[in-house]
Amino acid sequence: MKFRPLHDRVLVKRIEQDEKTSGGIIIPDTAKEKPMEGKIIAVGSGTRNEAGKLTPLDVKAGDKVLFGKWSGTEVKVDGEDLLIMKESDLLGIIEGKK
């Protein structure tokens, strides 16, 4: 299935955090917090201003982003858990290497 968000919405896949701390302690699933980092899978076309001109989004597919813990709506596309959220729910783009 192909999915394309509308207007200023983006489709994000969460990036899972490590299951082990730097000290070697394994974190069980019940104690983990939801990751707040993700990768943009698809973006909408943008918003229209008052003059009717299309304003494209600042993010693009492949960008690594940071978002709020409770942001977005969880959906399942092709058996994969993804998030749909507005561009304004994104806190920023993560650039550079880890």
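Along the sequence shown, residues are numbered consecutively beginning with 1. Not measured: the values here are computed from a predicted model.
- Distance CD1/Ile84 to CD1/Ile41: 12.0 Å, rounded to 0.5 Å.
- Expressed to the nearest 0.5 Å, how far OG1 of Thr55 lies from CG of Asn49 amounts to 4.5 Å.
- Under the side chain to side chain donor-acceptor pair (under 3.5 Å) criterion, Lys60 pairs with Asp63, sequence neighbours left out.
- In this structure the side chain of Phe3 never reaches within 4.5 angstrom of the side chain of Val75, judged on heavy atoms.
- Every residue meeting the side chain to side chain contact (heavy atoms under 4.5 Å, CB included) condition with Ser45, not counting sequence neighbours, appears here in chain and number order: Leu54.
- Pro5 and Leu11 get closest at one heavy-atom pair: CG-N, 3.9 Å.
- Rounding to the nearest 0.5 Å places CG of Leu57 at 10.5 Å from OG of Ser88.
- Considering only heavy atoms from C-beta on, Asp81 stays 4.5 Å or farther from Glu74 through its side chain.
- A side-chain contact (heavy atoms from CB on, under 4.5 Å) with Lys64 is found for exactly one of Lys39, Glu95, Glu37, namely Glu37.
- Residue pairs meeting the salt bridge (Lys or Arg N to Asp or Glu O under 4.0 Å) criterion with at least one partner in residues 40-54, sequence neighbours excluded, are absent.
- For Glu80, the side chain to side chain donor-acceptor pair (under 3.5 Å) test picks out Lys13, with sequence neighbours left out.
- Judged as a salt bridge (Lys or Arg N to Asp or Glu O under 4.0 Å), the pairs with a partner in residues 82-91 (not counting sequence neighbours) are, in order, Asp8-Lys86.
- Residues Leu90 and Ile40 have side chains in contact (heavy-atom distance under 4.5 Å, counting atoms from C-beta outward).
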